[in-house]
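Report on one structure; see the data block that follows.
What you see below is based on every heavy atom in this structure, not just the backbone, and it leaves out hydrogens, waters and symmetry mates. By convention in this document, chain letters (A, B, ...) are assigned in the order of the sequence lines, proteins followed by strands, and residues within each chain are numbered from 1.
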Amino acid sequence: MRRIGRSVSLALAPLLIGAAKPVLVPDVSQRTIDIAYSFTGAELLLFGAIVYPGGHAPERGEDPADIIVVVRGPVQSVTVREKRKIAGIWMNADNLRYRSAPSYYAIASSRPVDQLLDEKTRAIYEIGLDSLQLSPASTAPIAQQDRFAAGLVALRRKEGLYADAPDAVEIADGVLYRARIRIPALVPVGHFTAETFLVRDGHVLAVATRTLTIRKSGFERFVATSADSRSFIYGLVVVALSVSLGWGAGWVARRA
Amino acid sequence: MDVYLPIANLSVNWLVIVLLGGGVGLLSGMFGVGGGFLTTPLLIVYGISPTVAAATSASQVTGSCVSGVVAHFRRNGVDVKMGATLVSGGLIGAMLGTLLFRWLQKTGQIDTVIALIYVLLLGTIGILMARESLQSIGAMHNGGRPRARKRRHHPLVTVLPFRTRYYRSGLYISPLAPLLLGCFTGVLTTLLGIGGGFILIPAMLYLLGMSTQVVVGTSLFQTLFVTAAATMAHATSTKSVDIVLAALLLVGSVTGAQVGVRLAMRIRPEYLRLALALMVLAVAARMAVGLGWRPADLFTVDVT
């Protein structure tokens with residue numbers, strides 16, 4: 001909390017020069033998330049303060065500002081495939097490649113985002129699961145692109161990799177906000193960004209970004225890097241493990 | 001209870017995986033099969049990606065074969081020359097299988113192909129096995145001895161050139177026949193993560209006409225090496241062998257296999273074969289339903 005106090009006073013500095021817009025002082029509960037042996041996911045707390053000009057919260061009757069937080073994982077190039085029934089079998093038929101699908105995307109807001117911002121603004125800031133800029137790598141008709149994008153979003157929502165939670169941001173006394181974001185065990189590793197948007201009257205007043213890193217640690221990291229960069233030795237170790245366990249069990253059984 | 005799998009990138013309940021391995025091991029000990037045909041589908045049902053499932057269950061089959069191979073060597077039940085020929089074919093097959101696997105992965109058809117091969121292969125083998133075991137059970141009940149099959153190899157095998165002698169198997173045939181057979185099994189091992197014993201054994205008996213004393217031992221010998229090669233192939237190309245998953249499965253299956261071997265001694269082999277046939281058919285039917293049923297998710301996402 002001391003850090004926030006200090007940042008608040010730092011953030012207040014420009015206000016003294018006479019800025020009229022409120023500013024954001026955001027933070028996240030963890031700057032790194034380590035994936036270790038019993039990782040079943042994590043919960044990220046995004047919190048901070050809205051600093052209004054003059055240092056006081058909006059009065060009753062005055063329109064309060066809203067907060068939207070977005071946590072985003074590294075972008076991936078993905079191929080989305082659609083199954084169709086061909087000769088009695090459900091198999092992958094059409095596919096569409098997207099060059100920049102976020103590997104993780106969670107949004108939380110103090111009110112549903114479609115009530116806060118118009119479609120154009122949401123598209124600019126990529127706010128909302130229907131406003132992701134996926135950059136399809138083909139010239140498929142728009143209807144088809146939308147269908148595949150909806151399929152991608154639905155699937156990742158089911159896996160917990162995409163999430164949206166309207167009303168999940170609590171604002172206390174119009175000044176302090178916080179939101180909990182669930183990170184599932186399936187999460188990819190890499191650099192994540194946590195963006196906070198301050199919104200009022202259909203405008204984004206302030207944006208603040210924090211970065212965090214999700215990485216495998218300890219044994220898990222060792223295994224993952226070995227499998228990738230020393231794959232031949234890794235394979236030998238797996239084979240040796242299978243042979244010795246199988247042989248050992250046989251040996252024990254013969255003695256018993 | 002939850003353990004994070006570093007390659008599959010998800011956490012699983014380790015007890016479930018150990019028990020799954022144990023159940024498969026029990027059956028594999030009872031029936032003398034590797035059990036890969038059960039592990040791969042079960043892992044997929046549990047939520048592990050088909051690629052990791054196939055790659056990792058190959059290493060589980062390696063583990064369950066070892067003690068069998070040792071036991072058969074002790075009683076001189078392995079034709080090493082025949083085994084070596086099969087293994088050479090198997091290694092070529094494993095390499096071809098890897099290429100095929102990657103190509104199918106790229107075109108997005110790997111899941112369908114895996115399921116289709118399962119249905120066709122297990123369906124055929126299951127029906128043949130069920131019929132054969134029902135006949136021998138019938139013969140047993142009528143008091144008559146099941147008539148012994150005349151041992152001979154398939155006419156196609158006899159036309160192949162470069163004949164050589166396989167003493168332990170009692171054969172004088174071209175090495176091309178077992179080489180091709182091994183190659184075919186090797187492809188299946190890489191694609192499906194199975195040992196292929198249930199194809200290899202009937203083929204050795206009815207196509208090559210091998211002496212029954214060495215069939216099981218030699219088949220296990222081939223399975224041991226080819227599954228190890230498939231594990232290596234997957235480790236270096238698809239990079240989807242999960243050592244934590246493999247260890248959990250192995251701990252269960254090697255223990256289960258020992259229990260299974262002891263159980264099998266108390267049951268008549270005819271009934272065992274019938275039970276195995278029914279189980280194989282059940283897996284095939286489950287896979288067939290999966291192909292024809294409208295899936296819950298029509299869309300799938302591959303990270304490229």
Side-chain angles (χ1 to χ4, degrees), chain A residues 35-41 76-85 88-92 95 97 101 103 148 150-152 154-156 158 185-188 216 219-224 226-228 231-232 234-239 241-253 256, chain B residues 1-4 6-7 9-11 56 59-68 70-71 107-109 111-112 115-116 224 227-228 231-237 239-244 246-247 250-251 253-255 257-258 261-262 290-295 297-304:
Chain A
I35 297 180
Y37 70 98
S38 61
F39 183 74
T40 53
Q76 302 167 321
S77 152
V78 298
T79 305
V80 182
R81 301 180 203 278
E82 187 188 33
K83 284 198 175 62
R84 220 173 330 126
K85 196 162 191 167
I89 292 171
W90 285 94
M91 55 194 287
N92 290 328
N95 67 74
R97 211 162 71 80
S103 52
F148 276 75
L152 170 70
L155 197 71
R156 295 224 150 147
K158 211 166 147 182
L186 260 168
V187 76
K216 290 176 186 169
F219 175 69
E220 281 62 31
R221 180 197 185 84
F222 174 71
V223 169
S226 308
D228 194 49
S231 53
F232 190 78
Y234 176 82
L236 282 181
V237 171
V238 175
V239 171
L241 179 80
S242 336
V243 170
S244 53
L245 275 176
W247 193 77
W251 187 81
V252 169
Chain B
M1 281 310 193
D2 285 302
V3 170
Y4 184 82
I7 305 296
N9 282 336
L10 59 97
S11 46
T56 308
S59 68
Q60 187 221 339
V61 180
T62 313
S64 17
C65 287
V66 176
S67 57
V70 172
T107 51
Q109 299 305 339
D111 303 1
T112 315
L116 262 182
L224 175 67
T227 50
T231 305
M232 290 304 296
H234 269 294
T236 49
S237 78
K239 302 196 172 175
S240 37
V241 181
D242 196 304
I243 194 168
V244 177
L250 278 163
V251 166
S253 65
V254 295
T255 321
Q258 300 301 333
V261 170
R262 276 162 182 68
L291 280 173
W293 207 273
R294 190 182 192 279
D297 296 305
L298 287 184
F299 289 93
T300 46
V301 177
D302 282 335
V303 178
T304 41

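Put simply, CD on A:E220 and OH on B:Y4 are 8.0 Å apart, with the number rounded to the nearest 0.5 Å. Within the model, atoms OG1 of A:T40 and CG of B:L10 stand 12.0 Å from one another, a figure rounded to the nearest 0.5 Å. Distance check, rounded to the nearest 0.5 Å: CG of B:L116 to CD1 of A:I89 gives 4.5 Å. Distance check, rounded to the nearest 0.5 Å: CZ of A:R81 to CD of B:Q109 gives 7.5 Å. A distance of 6.5 Å separates OG1 in B:T112 from NZ in A:K83, rounded to the nearest 0.5 Å.
When heavy atoms are compared at a cutoff of 4.5 Å, B:V61 does not approach chain A at all. Using a 4.5 Å cut-off between heavy atoms, A:I35 touches chain B through its side chain atoms alone. Proximity to chain B is limited to the side chain of A:Q76, based on heavy atoms less than 4.5 angstrom apart. For a residue to count as touching a neighbouring chain, one of its non-hydrogen atoms must lie under 4.5 Å from one of that chain's; by this rule A:N95 does not touch chain B. If you measure heavy-atom distances from A:A150 to chain B, you find no contacts under 4.5 Å at all. Heavy-atom distances place no part of B:T56 under 4.5 Å from chain A, backbone and side chain included. The contact between A:R97 and chain B is made entirely by side chain atoms (from C-beta outward), counting heavy-atom distances below 4.5 Å. Looking at B:D242, only its backbone comes within 4.5 Å of chain A, counting heavy atoms on both sides. Only the side chain of A:F219 comes within less than 4.5 Å of a heavy atom in chain B; its backbone stays farther off. In this structure, the portions of B:V254 lying under 4.5 Å from any heavy atom of chain A include both its backbone and its side chain.
In this structure, the side chain of B:S11 engages the main chain of A:F39 through a donor-acceptor pair within 3.5 Å. A donor-acceptor pair is defined here as one N or O able to donate and one able to accept, closer than 3.5 Å; no such pair exists between the side chain of A:K85 and the backbone of B:R294.
Nearest heavy atom pair, residue B:S59 against residue A:V238, reads CB-CG1, 3.8 Å. In plain terms, the two heavy atoms of B:W293 and A:W90 that are nearest each other are O-CD1, 2.9 Å. A pairwise comparison of heavy atoms in A:N92 and B:T300 identifies OD1-OG1, 3.8 Å as the closest pair. Between A:S231 and B:A235, the shortest heavy-atom contact is CB-O, 3.2 Å. Across B:V301 and A:R156, no two heavy atoms sit closer than the pair CG1-NH2, 3.7 Å. Among all heavy-atom pairs drawn from B:A247 and A:L245, the shortest one is O-CD1, 4.5 Å.
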With side-chain contact (heavy atoms from CB on, under 4.5 Å) as the criterion, how do B:V70 and A:W247 come out once you've worked through the C-alpha distance, each side chain's angles and the decisive distance to 0.1 Å? CA-CA 8 Å; B:V70 172; A:W247 193 77; 3.5 Å; yes
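Each of A:G246, A:G235, A:S242 has some count of heavy-atom pairs under 4.5 Å with chain B, and the biggest count is that of A:S242. Considering only heavy-atom pairs separated by less than 4.5 Å from chain B, the leading option among A:V80, A:V237, A:L152, A:V187 is A:V80. Heavy-atom pairs under 4.5 Å with chain A were tallied for B:G108, B:S64, B:A228, B:S240; the largest tally goes to B:G108.
Here the side chains of A:Y234 and B:K239 are not in contact, with every heavy-atom distance at 4.5 Å or above.
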